[in-house]
Every structure is written in structure tokens, then in C-alpha cells.
Amino acid sequence: MISAERLRAHVEALTAHGPRFEDQPGVPACLRYITDQLSAMGLKVRVERYGTELHQVNLVAEIEGGTSDDAVELCAHWDSVENTPGADDNASGVAGVLEAARVLRDAELPARTIRFCLFGGEEAHFDGSAAHQAFITAQTEAIVFEMIGYTAPYQRFPEELAGFIQAPERGDFIGLVADEASQGLLGRLARHLEVPTLPLVLPAFAQEVAMRSDHVPYWEAGRRAVLVTDTADYRNPNYHGPGDTADTLDYEFAAGVVRAAVRTIIELAQ
């Protein structure tokens, strides 16, 4: 159902033109690629602008629900920092959204809308996902892919979580991070995962350590959202650097993550 080979092809295409940063050539190439891929699936792509610059844009497509205005969203940020190909961060997440959309486009008409969101501005204080909150209902909930492709024989953790979790020594799991309001969504996703999983529901006092990606505006708006992450720089030594290339990723691992998200979305959209 979910193809590791297609995930790799997406990541290679998204990283082929260099960093997806501000006015660099990787930005228009990336936006064209995402638009072309979703359009080829028969999905209409909506542009959400949150500024006047080319890179200040979200791309959104959806499978309209039959009976509810609320939506289940699968999200990833397409931008990178300067001077990195950004394969894991976050072409891997974008590839996961595109591959999920390919599978879900042929699903039976859902009750709730299924929405695919590719955000800009994650590397600039989540500007794109923050602006997106104005377009969605209060009951909309989101699965946020933030780096889903790197595995390693080692793993570090934030010092703030010492004593709070039993930390695995190997970086062969996917992390699921939720606030207390989103723990039901986390539980649904965790049940469908076939790869090793570390589910983490953060109480308010510990949330600051996880306030690093596009789930944050959902939490701040009181919406349910789960961060899906390979733990970024706590595992991947190439984080935000020139070594974050397509050939460093574990695509079978990423495919397992995407499969679980697809199953969860089908369940939630019924």
C-alpha cells in the first residue's frame, strides 16, 4: 500500500534543487513538485498565503467529507534551513504526506474531511501552520510529520526528560508526542504502528521541550495534534547540515510510519 521506493523518489526530487529556504531555487522547485504531485492525483491544491514573499505559502489539498465540517489533517513542513538539502528535515515528512494522499484519494467518501497540509515557515517560528489555524474548525485534529526517516544505533534525549521516561538506547523507534488533550489521538495512532514506538504524553510542565514544530499552533489554539518525529538532532547528526541527504534515510522505516497514519486517518474520518 505504502511504497518505500516512492517515498525515496519524493525525497530525491524535493532535495534535488538545494535548500528550500527563502529566495533560493529549491523553493519554487519544491512548490511546483508538490502541486504537480497532488494535482496528478486529482486533488485540487489551494494556496494559503501568509505573507508577500514566494516562500510564505502553505499548499493544501483535501478529500471533502460528506457529513462534517471538521477535518483530520496530515501535515508536514516543506521548508528547510539555509545550507542543507533537508532530506530528513523535512522532505521525509512531505514525502509521507504525498504518499498517504496517493493511497487515501481512492478511499470511500469520508464523513470528515481529510486534509493534506504542506506548511511553509516552520523554520521561522511556525508561521505557516500558525496562519493556517484561521481556516479550520475548532474540532479539526492533526497528525504532524516532522522528520520520519532516520534510524541509528544510538539515541539521545533532552535532559529535561530525565527520570520522566525510560529512554531507549537505540534510535530505531518513532516518537509520538502529544499534550494531555491530544492523548486519545496519540493512542489511536500508536495502535496502528508496526515500527517500534515511543509514545509520550507531556504534562504542562514538560511541554516546553517539545515546542519545536508545527503541532505547536494546534496546541496553542486548543486543538488536538500529535507530533510524529524521529527525534531530530537527538538522533540525526546531519540535522540542519549539508549531510542531511536522501541517501542517509531508512525508507522502509518511514513507510511503516506512513502506513500507520493512513490507517488512523481512515478510522478518524469515518
Where is the tightest heavy-atom contact between P85 and P242, given as atom of each residue plus distance?
CD-O, 3.6 Å

Smallest separation among heavy atoms of P217 and S129, with atom names
CG-OG, 3.4 Å

Mind checking whether P19 and E82 have side chains closer than 4.5 Å, heavy atoms only?
no

Heavy-atom closest pair, residues V11 and T15
O-OG1, 2.8 Å

Backbone N/O of E5 and side chain of S3: donor-acceptor pair under 3.5 Å
yes

The criterion is ring pair (Phe, Tyr, Trp, His ring centres under 6.0 Å); which residues satisfy it with F126, sequence neighbours excluded?
none

Scan residues 30-83 for pairs that pass ring-ring contact (aromatic ring centres under 6.0 Å, His included), counting only residues two or more places apart or in two chains.
H10-Y33

Are C75 and D214 side-chain neighbours, meaning at least one heavy-atom pair lies under 4.5 Å?
no

Short side-chain to backbone donor-acceptor contact, S213 and H215, under 3.5 Å:
no

For a quick test of reading the model, state the closest non-hydrogen atom pair linking V209 to P158 and the distance between them.
CG2-CB, 3.3 Å

Distance (rounded to the nearest 0.5 Å) between H192 NE2 and I266 CD1:
9.0 Å

Ignoring hydrogens and angles, tell me if any N or O in the side chain of N90 forms a donor-acceptor pair with the backbone of D79 under 3.5 Å.
no

Validation row: R105, M41 side chains within 4.5 angstrom (heavy atoms)
yes

Kindly indicate whether the side chain of V60, heavy atoms from C-beta on, has any atom under 4.5 Å from the side chain of V45.
no

With no hydrogens and no angle check, just 3.5 Å: does a side-chain donor-acceptor pair link Q133 and R223?
yes

Regarding D89 and H240, do their side chains bring together a donor and an acceptor under 3.5 Å, going by distance alone?
yes

I'd like to check T248 versus Y150 (side-chain heavy atoms, cut-off strictly below 4.5 Å). Are they in contact?
yes

Is the NZ or CZ atom of R235 positioned over F173's six-membered ring, under 6.0 angstrom from the centre and within 45° of the axis?
yes

Does a side-chain heavy-atom distance below 4.5 Å link Y154 with R170?
no

Do the side chains of R263 and E267 get close enough for a salt bridge, i.e. N-O under 4.0 angstrom?
no

Please test D179 against L202 for side-chain contact (heavy atoms from CB on, under 4.5 Å), starting from the C-alpha separation and ending with a verdict.
CA-CA 5 Å; D179 62 358; L202 293 175; 5.9 Å; no

Gap separating the CD atom of Q183 from the CG atom of L176, nearest 0.5 angstrom
13.0 Å

For a 4.5 angstrom cut-off between non-hydrogen side-chain atoms, does D88 reach N238?
no

Decide whether E141 and Y218 meet the rule of one side-chain donor and one side-chain acceptor closer than 3.5 Å.
no

Distance-only side-chain donor-acceptor flag, Q24 / H17, under 3.5 Å
no

From E123 CD over to R20 CZ, what is the distance, rounded to the nearest 0.5 angstrom?
9.5 Å

How long is the straight-line distance from CG of D127 back to CD of E122, given to the nearest 0.5 Å?
10.0 Å

List the atom of S182, the atom of A225, and the distance in Å for their closest heavy-atom pair.
OG-N, 3.0 Å

Between the CZ atom in F135 and the CG atom in N58, the distance rounded to the nearest 0.5 Å is 8.0 Å

Can you name the nearest heavy-atom pair linking C30 to L14, along with the distance?
SG-CD2, 3.9 Å

Once you round to the nearest 0.5 Å, how far does CG of L268 lie from CG of L189?
9.0 Å

Flag for T137-D70: side-chain donor and acceptor within less than 3.5 Å
yes

Heavy atoms, side chains only, cut-off 4.5 Å: are L198 and P168 in contact?
yes

Can you tell whether the side chains of E99 and R102 come within less than 4.0 Å, N to carboxylate O?
yes

